[in-house]
Peer 1: 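Below is one structure. I have some questions about it.
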Amino acid sequence: MIAVDISRGYVCAPIEEGVDMIAEIKRMKKEKNAVILAHYYQESAIQDIADFVGDSLALAQWAAKCDADILVVCGVHFMGETAKILCPNKKVLIPDMNAGCSLADSCKAEDLAAFKTQYPGYKVISYVNTSAAVKAHTDIVVTSTNARQIVESFPADEKLIFGPDRNLGNYINSITGRNMVLWNGACHVHEKFSVEKIVELKKQYPNAQVLAHPECKSTVLALADKVGSTAALLKYAINSDCKEFIVATESGILHEMQKNGKGKTFIPAPPADSTCACNECNYMRLNTIEKLYNTLKYELPEITVDSQIAEKAIAPIEKMLEISAQLGL
Ligand code: 13P
Ligand code: SF4
């Protein structure tokens, strides 16, 4: 492989003039036995060229069973790490290493380790939006698709710590009647949805239903007709008889909603400051078709996970996948 500059976290190489990047990506995928996994928050062009588009649970499930030599994870870093932990012998690439996650960043492994010492005898449930190092301090991982069922799989009197998302944790406490100790983290995109703006929109679209991701604040969730993961919101929108939806999650999901919900109207819920594009995750949007093209071409940048961390982090991820399979999720 030619030496190439990735000092900025992505391949810095000029793209040949006139090249058909979409055709080339398809060709390289075949030639290299590579697959592209994309999260629903990726830009539309990436979703359209991906072999698989899904929520964070589905991406982990797909990575675990896939027999390609190269996985290109078009999502954020923790998704790439999860894929690498599940497939240590495969090459796992991400178009831009800087694609992080404000929620994952809100919980550092050493801080969680110190937090745990304040709660002896507690089990730790970590949202998948965490680093591999945090997962290594965890008893079981959850995603927004299976959090409720996994929490309920513990005896009612089990003492639990849930992190890092306080909004998801609060929501799960409220629907399960548990009293989990919550880590005080949040996602900068989902925290910005405004109750006032959604109420205004509801006046404009009185028949619209509100769909909200559980990372939103409880005041936004209180307005929702459906609370769920990206996959759950998508499924609900497609199957519902309702024709109009106000969508309180990252606006990338609208692409799949519009593709599958023909004739329905999907309105992105506005953030408090309507002058910004704050309902777009700036981390997710760091991945572009150009970077994806160069990633496949140079097979860089590659996700790596320290082997000692990976050894500890795999058990709570596999436990989650096992329970999800038993539940048919
Ligand atoms: P999902 O588990 O619904 O895909 O959500 C992932 C995420 O990052 C939400 O912000
Ligand atoms: Fe992380 Fe929020 Fe972006 Fe999801 S939307 S990847 S939780 S920063």
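We count ligands from 1, going down the list as the structure has it; atoms in each ligand are counted the same way. Fair warning: this is a prediction, and the values are worked out from it, not measured in the lab.
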Peer 1: Is a donor on one side and an acceptor on the other found under 3.5 Å between the side chain of K32 and the backbone of E299?
Peer 2: no
Peer 1: Could you work out, with ring pair (Phe, Tyr, Trp, His ring centres under 6.0 Å) as the rule, every residue matching F115, not counting sequence neighbours?
Peer 2: Y119, W183
Peer 1: Please walk me through it: do H188 and Y283 pass ring pair (Phe, Tyr, Trp, His ring centres under 6.0 Å)?
Peer 2: CA-CA 11 Å; H188 72 299; Y283 296 113; 5.6 Å; yes
Peer 1: Would you mind counting protein N, O or S atoms that sit less than 2.8 Å from atom 2 (Fe) of ligand 2?
Peer 2: 1
Peer 1: Can you tell me if Q308 has over 12 outside heavy atoms packed within less than 6.0 Å of its CD?
Peer 2: no
Peer 1: Would you call K203-E200 a salt bridge at under 4.0 Å N-O?
Peer 2: no
Peer 1: Can you find a side-chain donor-acceptor pair between T145 and D55 that sits under 3.5 Å?
Peer 2: yes
Peer 1: Within the protein, flag every N or O under 3.5 Å from an N or O of ligand 1, and note the pair and distance.
Peer 2:
from: ligand 1; atom 1: 2 (O); to: S56; atom 2: OG; distance (Å): 2.5
from: ligand 1; atom 1: 2 (O); to: S144; atom 2: OG; distance (Å): 3.1
from: ligand 1; atom 1: 3 (O); to: S144; atom 2: OG; distance (Å): 3.2
from: ligand 1; atom 1: 3 (O); to: H213; atom 2: NE2; distance (Å): 2.9
from: ligand 1; atom 1: 3 (O); to: T230; atom 2: N; distance (Å): 2.9
from: ligand 1; atom 1: 3 (O); to: T230; atom 2: OG1; distance (Å): 3.0
from: ligand 1; atom 1: 4 (O); to: H39; atom 2: NE2; distance (Å): 2.6
from: ligand 1; atom 1: 4 (O); to: S56; atom 2: N; distance (Å): 3.0
from: ligand 1; atom 1: 4 (O); to: S56; atom 2: OG; distance (Å): 3.4
from: ligand 1; atom 1: 4 (O); to: T230; atom 2: OG1; distance (Å): 3.0
from: ligand 1; atom 1: 5 (O); to: H213; atom 2: NE2; distance (Å): 3.3
from: ligand 1; atom 1: 8 (O); to: N129; atom 2: ND2; distance (Å): 3.1
from: ligand 1; atom 1: 10 (O); to: E215; atom 2: OE1; distance (Å): 3.0
from: ligand 1; atom 1: 10 (O); to: E215; atom 2: OE2; distance (Å): 3.2

Peer 1: Distance-only check: which donor-acceptor pairs under 3.5 Å involve side-chain atoms of residues 314-329, not counting sequence neighbours?
Peer 2:
from: K319; atom 1: NZ; to: D139; atom 2: O; distance (Å): 3.1
from: S324; atom 1: OG; to: N146; atom 2: ND2; distance (Å): 3.0
from: S324; atom 1: OG; to: M320; atom 2: O; distance (Å): 2.8

Peer 1: Between E290 and Y10, do the side chains contain an N or O donor and an N or O acceptor separated by less than 3.5 Å?
Peer 2: no
Peer 1: Are Y293 and E16 side-chain neighbours, meaning at least one heavy-atom pair lies under 4.5 Å?
Peer 2: yes
Peer 1: As a check for students: among Y41, F78, Y127, identify the option with a heavy atom nearest to atom 4 (Fe) of ligand 2.
Peer 2: Y41
Peer 1: Treating E215 as the side-chain partner and N167 as the backbone partner, does any N or O pair qualify as donor plus acceptor under 3.5 Å?
Peer 2: no
